[in-house]
Amino acid sequence: MKEILQDHSLAELQALILAWGEQKYRAGQLYRGLMRGKRIAEISDLSRTLKSRLLEKFEDEPVRIAETFVSADGTEKYLFELADGNIVEGVLMSYKYGKTQCVSTQVGCRMNCAFCASGLNGLIRNLTAGEILGQILAVNARQGGTAEKRAVTNVVLMGSGEPLDNYANTVRFLRNVTAEGGICISARNISLSTCGLVPKMYELADEGIPVNLTVSLHSPTDEERARIMPIAKAYTIADILRACDYYFEKTGRRYIFEYSLIAGENAGRAQAERLIALLRGRPCHVNLIRLNAVPEKGLCGISEKDAYRFLGVLERGGLSATLRRTIGADIGGACGQLRAKRLGGS
Ligand code: SAH
């Protein structure tokens, strides 16, 4: 693979362009074109020589929308093809306040959670910062947005992969996507979801990029959590809560716990009570999700009625909690399911 232009900040592009003996403003033209989702060849204000020089060194289209699935409710799911032929997936969800794009940070994943399709074939490779950003640039352009008037208003790092297991590229992406003059999505409109890589949660708190931190908890006790999330053997829930409090101290942002309700595992009355005891009084919110069954994994979700009952127990216990609305169900799949289908899995 050639290098990826979208990995770079405007300042880095300026340095490159100057080193090539070109005028500095050319970097601005290049950057604006890239932020509009254009290919190098399509940026009309660059000279032909500069374009061919760029094309020798860099990928022209590092992230291409290979397939789009449109749901009756307006949700769109995408399969993105990377320059080396690897596939990742993403979703765009429409809400009253704007559009939220879910992006992937790795091809596959090595966390191997029992309910998740992303880890079915392990980790293939990390995405570069520009490949993460490229998913947004491609979708924003497809939706008719520009860098100035964005169609994509919010971003969640909840596609395939564990963002904190690809730390340097993820942080570089966060700096570039929030940069003035670029697509400039504010950190408060970005949520990073982690299975709880505690040391990296502390590092992130110190980066000065106050994104919303979301932690996949899925169980109130270490023993039960370890049954569905191997990472629970490395870090305890107590470790996670300390790191979350540090994050809150540093950023002032309330943290969020994801809790996917799995029949016979974590969705009983006893778990709800333990969750209340664990989280009451903390500056946090609990986001309940009904498991999207992955046939390969042999786990089932619970009914909507039971999910609301679980939610009611949490609310009466004093927790701030919501049950995530299921959208786009007619076009299939959570985390890694579209890709698995494409690769001949489910
Ligand atoms: N690796 C990160 C982010 C990706 S997953 C993390 O673990 O947080 C985004 C969320 O979807 C996580 O909370 C994950 O546990 C959850 N998830 C994965 N597969 C799911 C499924 N089949 N049904 C419901 N939630 C799922």
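Every number for a ligand or one of its atoms is a count from 1 in the order of the listing.
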Tell me, please: is [X] in heavy-atom contact with ligand 1, that is, under 4.0 Å?
{"X": "Met111", "answer": "no"}
{"X": "Gly159", "answer": "yes"}
{"X": "Gly161", "answer": "yes"}

Geometry only, no angles: is Arg290 polar-contacting ligand 1 at N/O separations under 3.5 Å?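 Not met; the criterion fails.
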
Close-contact set for ligand 1 against [X] heavy atoms, below 4.0 Å:
{"X": "His218", "answer": "13 (O), 14 (C), 15 (O)"}
{"X": "Met158", "answer": "4 (C), 5 (S), 9 (C)"}
{"X": "Cys195", "answer": "6 (C), 7 (O), 8 (O)"}
{"X": "Cys116", "answer": "18 (C), 19 (N)"}

Can we say [X] and [Y] salt-bridge, meaning some charged N sits less than 4.0 Å from an Asp/Glu carboxylate O?
{"X": "Asp206", "Y": "Lys250", "value": "yes"}
{"X": "Arg309", "Y": "Asp306", "value": "yes"}
{"X": "Glu42", "Y": "Arg36", "value": "no"}

Exercise for review: Apply side-chain hydrogen bond (donor to acceptor under 3.5 Å, both in side chains) to the pair Glu224 and Asn266, showing each step before the final yes or no.
Suggested key: CA-CA 8 Å; Glu224 286 178 9; Asn266 64 359; over 6 Å; no

Geometric cation-pi criterion, Lys77 with Phe69: 6.0 Å, 45°:
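Pair Lys77/Phe69 does not count as cation-pi.
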
Give me each pair satisfying ring-ring contact (aromatic ring centres under 6.0 Å, His included) with a member in residues 251-296, each pair once, sequence neighbours excluded.
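Pairs touching residues 251-296 that pass the test: Tyr255-Phe257, Tyr259-Phe310.
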
Side chain, backbone, both or neither: Thr194 near ligand 1, heavy atoms under 4.0 Å: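 Under 4.0 Å from ligand 1, Thr194 contributes backbone atoms alone.
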
Under 3.5 Å donor-acceptor pairs involving side-chain atoms of residues 185-192, not counting sequence neighbours:
| unit_1 | atom_1 | unit_2 | atom_2 | d |
| --- | --- | --- | --- | --- |
| Ser186 | OG | Arg188 | N | 3.2 |

